[in-house]
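In this chain, residues are counted from 1 in sequence order.
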Amino acid sequence: MTDLIFFAAAADLTLAEIAGVAGAALPEGADPQARLVGAAPLENAGPQHLAYMDNARYGDALATTRAGACLVSPRFVARCPAGTVALVSRDPYRAYATLLGRLHPDALRPGSQFAARGIAPGAHVHPEARLEDGVTVDPGAVIGPGAEIGAGTVVGPNAVIGPGVRIGRDCAIGAGTTLSHALLGNRVILHPGARLGQDGFGFAMGATHLKVPQIGRVIVQDDVEIGANTTIDRGASRDTVIGEGTKIDNLVQIAHNVVIGRHCVIVSGVGISGSTTLEDYVVLGGQVGVVGHLRIGRGAQIAGSSNVNRDVPPGSRWGGTPAKPVRAWFRELTTLARLAERSGKAPAEDEA
């Protein structure tokens, strides 16, 4: 079988270019014109590869790497072997991510699955839809009447863009996604199977449950990324909003009327109930559950698998079920562990 490489390097970079991007100084004796053609993990890297290291658990791999250059934090420089150029950075991972984007720009967002430009055969674009020049539409995609899509956007195969939906420029709409009642800004990435704009779960409860019409929208601001099979319901009476620069993982459920601020991070398996507000820079770990009508303050962080049932103050770190400040949570866990340890001990002879 042919050894396929899906993301071949689009360019090579000199050590001088790499150091410039990373904000690192070249060590004495390094050849600034030496070229690296790709990136690789420490244990697999060869003399033409760039690697990075910022975690003590990989110290042995650093000491034996054959990488041509390695981005390292200052405390690990001494472990870098003589044949590897050490590029010292305060944040090696961020520098590595930037350089990886230079080497492999196609990996930054989903592209056409048909290797095509323009509207491919088999795509269905309504005559009343408006597409700027430079939009790519893959086979099987459906674009409804009144939809508007900006230049540089790629719509993947079998995606469905509903009537009146607005999509900005340089977006990536993954295969099989569905959008209705939604407005998207520029440079938005939707991974395959994402669902935006469908009904929120709203019923007037009674002997029979009366459906409440959901008449709001989903608004997604610039530079948002939304993972595969994540669902974001449209608002019931107000809009569901995802703020600029927010990153949402796979398999997340965001209910109607939720407002998420700028540059939040929401990890896989999270469920956010209706009418909850997350202020800017909030982080929710994997499988966090949030009760409806709450406010999580700016910069707050919630540990994975926690359940939030009350407002969270700005800048705080909470965890547990129900979620509480981490110090209180850790004390609770420690106390429970001690009680369990005591209850598991065999009784002394004089107690038998």
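At a threshold of 4.5 Å between side-chain heavy atoms, the hydrophobic network of Ile, Leu, Val, Met, Phe, Trp and Tyr places Val188 and Leu131 in one connected group.
Under a 3.5 Å cut-off, the side chain of Thr65 and the backbone N or O of Ala61 do not form any donor-acceptor pair. Side chain of Arg234 to backbone of Gly197: a donor-acceptor contact under 3.5 angstrom is found. His209 contributes no side-chain N or O that, together with a main-chain N or O of Phe203, makes up a donor-acceptor pair within less than 3.5 Å.
A salt bridge links Arg79 with Asp60: at least one charged nitrogen is closer than 4.0 Å to a carboxylate oxygen.
In this structure, the separation between CD1 on Ile149 and CD1 on Ile143 is 3.5 Å, given to the nearest 0.5 Å. Taking CG of Asn186 as the start and CD of Gln221 as the end, the distance is 11.5 Å to the nearest 0.5 Å. The distance from the CD1 atom of Ile266 to the CG atom of Asn250 is 13.0 Å, given to the nearest 0.5 Å. Distance CD1/Ile226 to CD1/Ile232: 3.5 Å, rounded to 0.5 Å. To the nearest 0.5 Å, the span separating SG on Cys171 from CZ on Arg187 amounts to 8.5 Å.
For Gln301, the side chain to side chain donor-acceptor pair (under 3.5 Å) criterion is met by no residue, not counting sequence neighbours.
No more than 12 heavy-atom neighbours from other residues, nucleotides or ligands sit within 6.0 angstrom of CZ on Arg102. Atom CD of Gln48 has 12 or fewer neighbouring heavy atoms from other residues, nucleotides or ligands inside a 6.0 Å radius.
Taking both residues in full, the closest heavy atoms of Asp222 and Gly185 are given as OD1-CA, 3.4 Å, listed atom of the first, atom of the second, then distance. Taking all atoms of both residues into account, the shortest heavy-atom contact from Thr177 to Gly174 is OG1-O, 3.0 Å. Closest approach of Val165 and Leu179 over heavy atoms only: CG2-O, 3.7 Å.
Cys80 has its side chain within reach of Leu62: a pair of non-hydrogen atoms, C-beta onward, lies under 4.5 Å apart.
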Next item on the list: Start with the C-alpha gap between Leu278 and Val290, add the side-chain angles, then the distance that decides, and say whether side-chain contact (heavy atoms from CB on, under 4.5 Å) holds.
Entry: CA-CA 10 Å; Leu278 276 62; Val290 183; 5.5 Å; no
Next item on the list: Quick one: do Val308 and Leu284 satisfy side-chain contact (heavy atoms from CB on, under 4.5 Å)? Show the steps, please.
Entry: CA-CA 10 Å; Val308 182; Leu284 302 183; 5.8 Å; no
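Residues in residues 266-280 take part in these salt bridge (Lys or Arg N to Asp or Glu O under 4.0 Å) pairs, two or more places apart or across chains: Arg262-Asp280, Glu279-Arg295, Asp280-Arg298. Pairs of residues two or more places apart, or lying in two chains, that qualify as salt bridge (Lys or Arg N to Asp or Glu O under 4.0 Å) and include a residue from residues 33-49 are Asp12-Arg35.
Between Tyr52 and Tyr96, the ring planes are tilted. Angles from 30° to 60° get that label.
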Distance-only check: which donor-acceptor pairs under 3.5 Å involve side-chain atoms of residues 110-124, not counting sequence neighbours?
| unit_1 | atom_1 | unit_2 | atom_2 | d |
| --- | --- | --- | --- | --- |
| Ser112 | OG | Phe114 | N | 3.1 |
| Ser112 | OG | Ala115 | N | 3.2 |
| Ser112 | OG | Ala116 | N | 3.3 |
| Ser112 | OG | Asp138 | OD1 | 2.6 |
| Ser112 | OG | Asp138 | OD2 | 3.4 |
| Gln113 | NE2 | Gly111 | O | 3.2 |
| His124 | NE2 | Gly122 | O | 3.4 |

Donor-acceptor pairs under 3.5 Å, side chain of residues 210-218 to any protein atom, not counting sequence neighbours: which ones?
| unit_1 | atom_1 | unit_2 | atom_2 | d |
| --- | --- | --- | --- | --- |
| Lys211 | NZ | Asp199 | OD2 | 2.7 |
| Gln214 | OE1 | His256 | ND1 | 2.6 |
| Gln214 | NE2 | Val212 | O | 2.8 |
| Arg217 | NE | Asp239 | OD1 | 3.2 |
| Arg217 | NE | Asp239 | OD2 | 3.3 |
| Arg217 | NH2 | Asp239 | OD2 | 2.8 |

Side chains of residues 315-324: which donor-acceptor pairs under 3.5 Å do they make with residues two or more places apart or in other chains?
| unit_1 | atom_1 | unit_2 | atom_2 | d |
| --- | --- | --- | --- | --- |
| Ser316 | OG | Pro313 | O | 2.7 |
| Thr321 | OG1 | Asn307 | ND2 | 3.1 |
| Lys324 | NZ | Pro322 | O | 2.7 |

